[in-house]
Amino acid sequence: MKDQQFFESLERETGVVMNTRQKEAISHTLGPLLLLATPGAGKTTVLNARILYLILRRGVNPENILALTFSKAAAKEMEMRFQQLYGQLVKQRIKFSTIHSFSYYIVRAYFQEKRIAFTLIENEQGSNSKNAVLKRLYERLNQTILTEDKLEELANSICFIKNSMMPISDVEKLDTKIKNLSLIYEAYEHYKKNAHPDRILIDFDDMLTLAHTILKENPVILSRYQNQFPFILTDESQDTSIIQNKIIEKVAQLSSNLFVVGDDDQSVFGFRSANPKYLLDFKTIHPDAHILMMEQNYRSTQEIVKVSNMFISGNKQRYVKNMFTENPSHKTVSIQSFEYDYQQHSYLIKELKKKKTIAQTALLYRNNASAINLIDHLDSAKLPFYVRDSSYKFFNHWVIKDILNLMRFSYSDKNIGVLETIYTKFNSYISKQQIEYLKNQDRTQSVFDHLAALPNLPAFRKKNFQEMKRQFKKLNAMNPLDAIHYIRKELHYEKKLEEFSARLGLSMETFQGIIATLENIAQGLKTHKDFAERLKYLEQLIRQSAMNKESNAVTLSTLHSAKGLEFECVYMLDLVDGILPNLESIKAAEKHKPDGLEEERRLFYVGMTRARKELELLTVEKLNDNDVIESRFVGEVRGILYPGLSLAGATTVNLTTFKVEKGANIKHKAFGIGQIIVANVEQDLLEVNFRKLGVKQFSLKVCLEGKLVSSVL
């Protein structure tokens, strides 16, 4: 069978028609090939057709083909699509696998051979679970509690260390706020090896490190896998970490038949050590490699493709590609700006209600926190939705538990059990010894009466306790929204959060966002009980939304989880600096470290290219009660859409921490956020158009020396 006959037969049997570049990739002979596929270019179709080509045209035994991809869902979909299209042509099973599963396959076989007993620590329960162990080690070594936020950061840091093959000596250089990370890491590794006398514990990332070590130190075992899989194909290769690439390279080394499919412009998992560098260095690693580009987009309209292609060209560390489409025009990419975030949600509800069907519409956001208010609005509007990330930790956050417990305590100031959970969360002036004292007192009386009756108590302390009694009685009579305001300000809960975040290196902005979300949910509710029930109801609603996946429901997803998906209509929301791009990448870019900002641009690009026909970018001026500015990426898109609107002749004043330039947004201590019209050193003039107060002029020197203006972030 000749190549032409193969493609004619493929078209006849399956209806799949390939373009010239796709055929070139599929019919590649031997040796390494890097196939760079822009969004919507049909990469999975090509990869599966390549497997069929190897079997039918080159006579390769299906058992000698290994198809690797990043996630379980992607591997399952690839296998399902292969079976649907080519199941009648190929009866033998192809090994479609994630890299983790393949590594586990190597580790398990080796351990069985060596009679080494092992257990996955992720399968351990209770005090032996991975999270419980990490929490215990952190608190022992740092003598302080570990919050859920910090636990997630700790787990991610350990994952990054292993995936990037970082030596233990470099761990303390890692950009993280985890105190004593290297000590915790070493203690964790020691625990897994010694916790059980009869077996060792391994985690998911150990599958990779162990597989790599086994292949490196055992030439016979390496040779076994090299001979078993002389043909390796990898999908979503931009998402693979350093150690994953090393494992693949080792197995492919003998035959060099490595067929790598990916897109450096869609590498967005840097927190897992994924990096486009492997694709960018492919020719260095494999000097004889072929590099092909599939640049035709079959998914999106001309408007979306053109804007997305121009937008991603703002990155420098990439292969230059020219994505194009032969799809018809539809409508221009739209940018919507709102003063308040609730206006953004109201707009989305109105737009969704206009549609005959919402099954092919997606609402995409950077952080899961953005979804809660959205879900509250969708439910109130009786619009069905499907949440891709249904394992929400939001409702179990300790800040929410604090607010609910403070409300609960207002119903009975005799409840010592509840008081014990919250007495450090407001200005209670209650000591641990006094809590122990209260446990032995009459439970039918107010704890504050007991405390005020303590002997040798100063008069002002007695007065404080009686005032607290009045405060909680007052709190109990309030509606939920007023109650949250009261807890924040009058009970000084917000001040306690500031102290806590400063002490543990946590984000105060995250806490403020949670409280602002609670205030939005509390709108219009009458009692504390209504509020608690509403939270429980929303949590249940998110879990149940999985049942709406195949129905007429709008999809809600983070941008990371939306990768690989496509929709007729996409709305990207909460597009402000500090969220997308995130604050860390902005600060790093100001220090001439562009990697983070480039990844953030890639994430924005991933969101844009999920849309087939309609794409809307939504930004706000006020988010979670904080003044914000629109994402610089929205500004870049606006510049592409309306090139005549770009500012010319900007004069820049360089500062130590930020810069002032024409068109930039800054914050003035007295007047809030505004946009600079003039920044002139020679004339000592700073002219700013403030959002609320209009245009005002200042002495530039006085503003800078007196630190009256600052970066919005």
Side-chain angles (χ1 to χ4, degrees), residues 1-62 64-69 74 77-90 92 94 96 230-238 252 255-266 279 282-283 286 288-300 302 305 309 319-327 564 566 609:
M1 183 191 290
K2 293 183 178 178
D3 286 357
Q4 186 178 344
Q5 290 174 309
F6 170 81
F7 288 114
E8 286 172 356
S9 172
L10 186 68
E11 187 175 340
R12 192 170 53 250
E13 295 284 338
T14 65
V16 176
V17 182
M18 301 291 176
N19 65 33
T20 305
R21 186 50 57 86
Q22 290 173 329
K23 288 178 182 177
E24 189 180 350
I26 292 163
S27 59
H28 171 69
T29 52
L30 299 175
L33 178 136
L34 172 60
L35 181 61
L36 296 163
T38 60
K43 63 180 178 58
T44 305
T45 302
V46 168
L47 198 142
N48 275 338
R50 167 68 176 172
I51 294 171
L52 186 71
Y53 178 87
L54 288 173
I55 297 166
L56 298 186
R57 180 78 177 90
R58 296 291 171 188
V60 176
N61 186 332
N64 295 140
I65 298 171
L66 175 62
L68 295 172
T69 191
E77 185 192 353
M78 199 190 304
E79 183 170 16
M80 183 183 69
R81 284 169 67 174
F82 186 89
Q83 290 300 325
Q84 285 174 344
L85 283 171
Y86 312 129
Q88 293 302 312
L89 301 171
V90 179
Q92 289 163 280
I94 314 294
F96 291 93
F231 290 90
I232 300 177
L233 304 92
T234 67
D235 192 15
E236 301 287 5
S237 301
Q238 73 281 346
S255 67
S256 284
N257 293 321
L258 185 57
F259 190 91
V260 174
V261 183
D263 182 8
D264 51 306
D265 288 331
Q266 295 185 73
L279 300 184
F282 197 76
K283 197 77 174 171
H286 300 281
D288 58 336
H290 289 268
I291 297 180
L292 296 177
M293 295 188 189
M294 295 200 315
E295 297 166 299
Q296 183 169 356
N297 180 303
Y298 291 93
R299 176 186 301 159
S300 307
Q302 290 186 16
V305 169
N309 188 59
Y319 285 99
V320 177
K321 296 181 283 293
N322 183 33
M323 181 169 62
F324 70 95
T325 187
E326 293 176 0
N327 289 343
E566 56 184 77
T609 53

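When atom types are taken as modelled, the side chain of N327 and the backbone of S300 share a donor-acceptor pair closer than 3.5 angstrom. In this structure a side-chain-to-backbone donor-acceptor pair under 3.5 Å is missing from R58 to L30. Judged by distance alone, with hydrogens and angles left aside, the side-chain atoms of S9 form no donor-acceptor pair with the main-chain N or O of Q5 at under 3.5 Å. No donor-acceptor pair under 3.5 Å is formed between the side chain of D288 and the backbone N or O of P32. A donor-acceptor contact shorter than 3.5 Å is absent between the side chain of N297 and the backbone of T38.
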L56 vs Y86, test: side-chain contact (heavy atoms from CB on, under 4.5 Å). Steps then yes/no.
CA-CA 11 Å; L56 298 186; Y86 312 129; over 6 Å; no
side-chain contact (heavy atoms from CB on, under 4.5 Å) between E79 and I94, intermediate numbers included:
CA-CA 8 Å; E79 183 170 16; I94 314 294; over 6 Å; no
Hey, mind stepping through V46 and V261 against side-chain contact (heavy atoms from CB on, under 4.5 Å) and telling me if it holds?
CA-CA 9 Å; V46 168; V261 183; over 6 Å; no
Using side-chain contact (heavy atoms from CB on, under 4.5 Å), reason through D3 and Y53 one step at a time and then give a plain yes or no.
CA-CA 9 Å; D3 286 357; Y53 178 87; 2.8 Å; yes
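Contact of the R21 side chain with the K23 side chain is not registered, since no non-hydrogen atoms from C-beta on lie closer than 4.5 Å. The side-chain heavy atoms of Q302 and T325, taken from C-beta on, include a pair separated by under 4.5 Å. Side-chain contact between F231 and I55 is absent, with no heavy-atom pair separated by less than 4.5 Å. Between L36 and F282 the shortest side-chain heavy-atom distance does not fall below 4.5 Å.
Side-chain N/O atoms of T45 and R81 include a donor and acceptor closer than 3.5 Å. No side-chain donor from either of Q22 and E24 sits under 3.5 Å from a side-chain acceptor of the other.
In summary, of the residues considered (D265, T609, N322), a side-chain hydrogen bond (donor to acceptor under 3.5 Å, both in side chains) with N309 occurs for N322 alone. When each of L279, L33, I291 is paired with V260, the side chain to side chain contact (heavy atoms under 4.5 Å, CB included) condition holds for L279 and for no other.
Partners of F259 under the ring pair (Phe, Tyr, Trp, His ring centres under 6.0 Å) rule, at least two apart in sequence or in another chain, do not exist in this structure.
Salt-bridge annotation for K321 and D263: present, with a side-chain N of the basic residue lying under 4.0 Å from a carboxylate O of the acidic one.
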